[in-house]
Amino acid sequence: MKTGRRTVAVATLAGALGLSVLNAPTAQAADTGITVSDIVINNGKPIVVGTSKVVEPPIRFNIALPSGYSTADPSRYDAYPFLYRGSIKTAADSGENFIQPGSYTCYEIDSKRARCEGDLYIDPHPSQEHVDSNSDVTTWKIGVSLKLWKADGGLKTGELETRSTTAQLKRAAKATTNASPEPVSKGKTITVTGKLTRANWSTKKYDAYSGRTVSLQFRAKGTDSYKTLKKATTSSTGGLKTTVTASVDGSFRWVYYGNSTTGVATGAADYVDVR
């Protein structure tokens, strides 16, 4: 349950129209006196992105305001974290190598402090330039945009701050599973095939992921958990193939546990009736 009055809800217009000029961080360096703390991106986990689907990792952070400003008047201040690569000024000015919140809401703790939560907005579409190259698979820095506004709506001052914490972006992977024959006689051979592919952010396609160790798992009918039967290595085309002996009804699936550049992939289960 959330506590505290909602003090501001912000949509930063990070969709198909690209970076909003109104909400882009200012490259000015004057001290605002705003403090942003306790930043958590995606619950501390790597962010996995594919080739077309928008990804919105959760964020949360706290803000504290300087003298003369109050959480009761959210139109007078603006503060949020973002991800960037390279120079923070270049990223903020150009919108390249820059990922900002799609929206966030702040809840008043008292007249000077608020806790905020929302989501980053990562669109793989080339027009967004969020993840337009496989070189974007790396550790991204965390920055903070801070602004104070005048009573008439004009910008009073703004600054960009860097943080020592980081966030990891990874390429999504996909696995498929096919077990045959179906049905099969007990004691006969079941052949389990599949394929492992990985998102290519440059081409916006999924390419074969070769030389990867993938686990074949099985869940017997009437049970709740999968057990690993054996492991196989993907071919040059990402293909997987192995055999097992039919014993009981159940479901097979291939699972790839990921690595430093690639997320976890779990194939859809394929059920085999053993007679």
Side-chain angles (χ1 to χ4, degrees), residues 41-58 119-126 130-131 134 136-137 167-275:
I41 306 291
N42 201 36
N43 298 315
K45 300 177 181 179
I47 300 168
V48 180
V49 183
T51 60
S52 59
K53 184 179 179 181
V54 170
V55 176
E56 298 179 282
D119 304 284
L120 293 177
Y121 185 94
I122 305 175
D123 187 349
H125 192 279
H130 292 165
V131 287
N134 293 328
D136 290 328
V137 180
Q168 181 73 31
L169 262 64
K170 293 185 177 185
R171 293 156 70 180
K174 293 181 178 180
T176 61
T177 307
N178 182 61
S180 63
E182 303 174 48
V184 64
S185 298
K186 187 174 182 178
K188 296 296 185 179
T189 297
I190 297 174
T191 300
V192 186
T193 59
K195 187 172 185 178
L196 181 67
T197 56
R198 180 171 64 157
N200 185 325
W201 288 346
S202 298
T203 64
K204 304 305 178 186
K205 298 178 180 180
Y206 276 82
D207 298 335
Y209 200 16
S210 63
R212 300 296 102 187
T213 299
V214 186
S215 298
L216 176 65
Q217 296 186 340
F218 178 75
R219 185 184 68 186
K221 180 180 178 180
T223 64
D224 297 327
S225 60
Y226 280 89
K227 295 182 179 180
T228 297
L229 299 181
K230 56 173 63 178
K231 297 181 180 181
T233 302
T234 55
S235 68
S236 60
T237 61
L240 289 159
K241 184 177 182 179
T242 192
T243 59
V244 296
T245 300
S247 58
V248 297
D249 296 354
S251 301
F252 294 90
R253 70 180 186 183
W254 289 105
V255 178
Y256 175 61
Y257 286 100
N259 56 30
S260 62
T261 64
T262 309
V264 173
T266 302
D270 192 13
Y271 183 83
V272 175
D273 178 16
V274 178
R275 298 178 178 179

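Fair warning: this is a prediction, and the values are worked out from it, not measured in the lab.
- Nearest approach of Asn259 to Thr261, heavy atoms of both residues: OD1-N, 2.9 Å.
- A cation-pi arrangement is absent between Arg212 and Tyr256 under the rule of less than 6.0 angstrom and at most 45 degrees off the ring axis.
- Within the 4.5 Å cutoff, side-chain heavy atoms of Leu120 are placed close to those of Pro57.
- Of the possible donor and acceptor atoms, one in the side chain of Lys204 sits under 3.5 Å from a partner among the backbone N and O of Pro124.
- A side chain to side chain contact (heavy atoms under 4.5 Å, CB included) with Val49 is found for one member of Val137, Asp136, Ile122, Val54 and no other, namely Ile122.
- In this structure, the side chain of Asp123 engages the main chain of His125 through a donor-acceptor pair within 3.5 Å.
- Shown here for Ser236 and Ala208, the closest heavy-atom pair between the two residues is O-CB, 4.1 Å.
- Residues in residues 182-208 take part in no ring pair (Phe, Tyr, Trp, His ring centres under 6.0 Å) pair, two or more places apart or across chains.
- The OH atom of Tyr209 sits 15.0 Å away from atom OG1 of Thr237, with the distance rounded to the nearest 0.5 Å.
- Minimum heavy-atom separation, Tyr271 to Ser251: CD1-OG, 3.5 Å.
- Between Thr262 and Lys170, the closest side-chain pair of non-hydrogen atoms is not below 4.5 Å.
- Taken from OH in Tyr226 to CG in Leu216, the straight-line distance is 10.5 Å, to the nearest 0.5 Å.
- Considering all non-hydrogen atoms of both residues, Arg171 and Ala199 come closest at NE-O, 2.6 Å.
- Residue pairs meeting the salt bridge (Lys or Arg N to Asp or Glu O under 4.0 Å) criterion with at least one partner in residues 225-242, sequence neighbours excluded, do not occur; the list is empty.
- The distance from the OG atom of Ser235 to the CG atom of Leu240 is 7.5 Å, given to the nearest 0.5 Å.
- The nearest pair of heavy atoms linking Thr234 to Gly211 is OG1-N, 2.9 Å.
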Using residues 176-190 as the side-chain source, report each donor-acceptor pair under 3.5 Å to any protein atom, sequence neighbours left out, with the distance given to one decimal.
{"unit_1": "Thr176", "atom_1": "OG1", "unit_2": "Lys195", "atom_2": "N", "d": "3.0"}
{"unit_1": "Thr177", "atom_1": "OG1", "unit_2": "Trp254", "atom_2": "N", "d": "3.1"}

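- To the nearest 0.5 Å, atom CG of residue Leu196 and atom CG of residue Asp207 are 11.5 Å apart.
- Looking at heavy atoms from C-beta onward, Phe252 lies in side-chain contact with Val244 at the 4.5 angstrom threshold.
- Atom CG in Asp249 sits 12.5 Å away from atom CZ in Arg219 (nearest 0.5 Å).
- Looking at heavy atoms from C-beta onward, Val274 lies out of side-chain contact with Ser247 at the 4.5 angstrom threshold.
- Nearest heavy atoms, Val55 versus Ile47: CG1-CG2, 4.2 Å.
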Next on the checklist: I'd like to know whether Phe218 forms a side-chain contact (heavy atoms from CB on, under 4.5 Å) with Val248, so could you lay out the CA-CA distance, the side-chain angles of the two residues, the decisive distance to 0.1 Å, and finally the verdict.
Outcome noted: CA-CA 10 Å; Phe218 178 75; Val248 297; 3.9 Å; yes
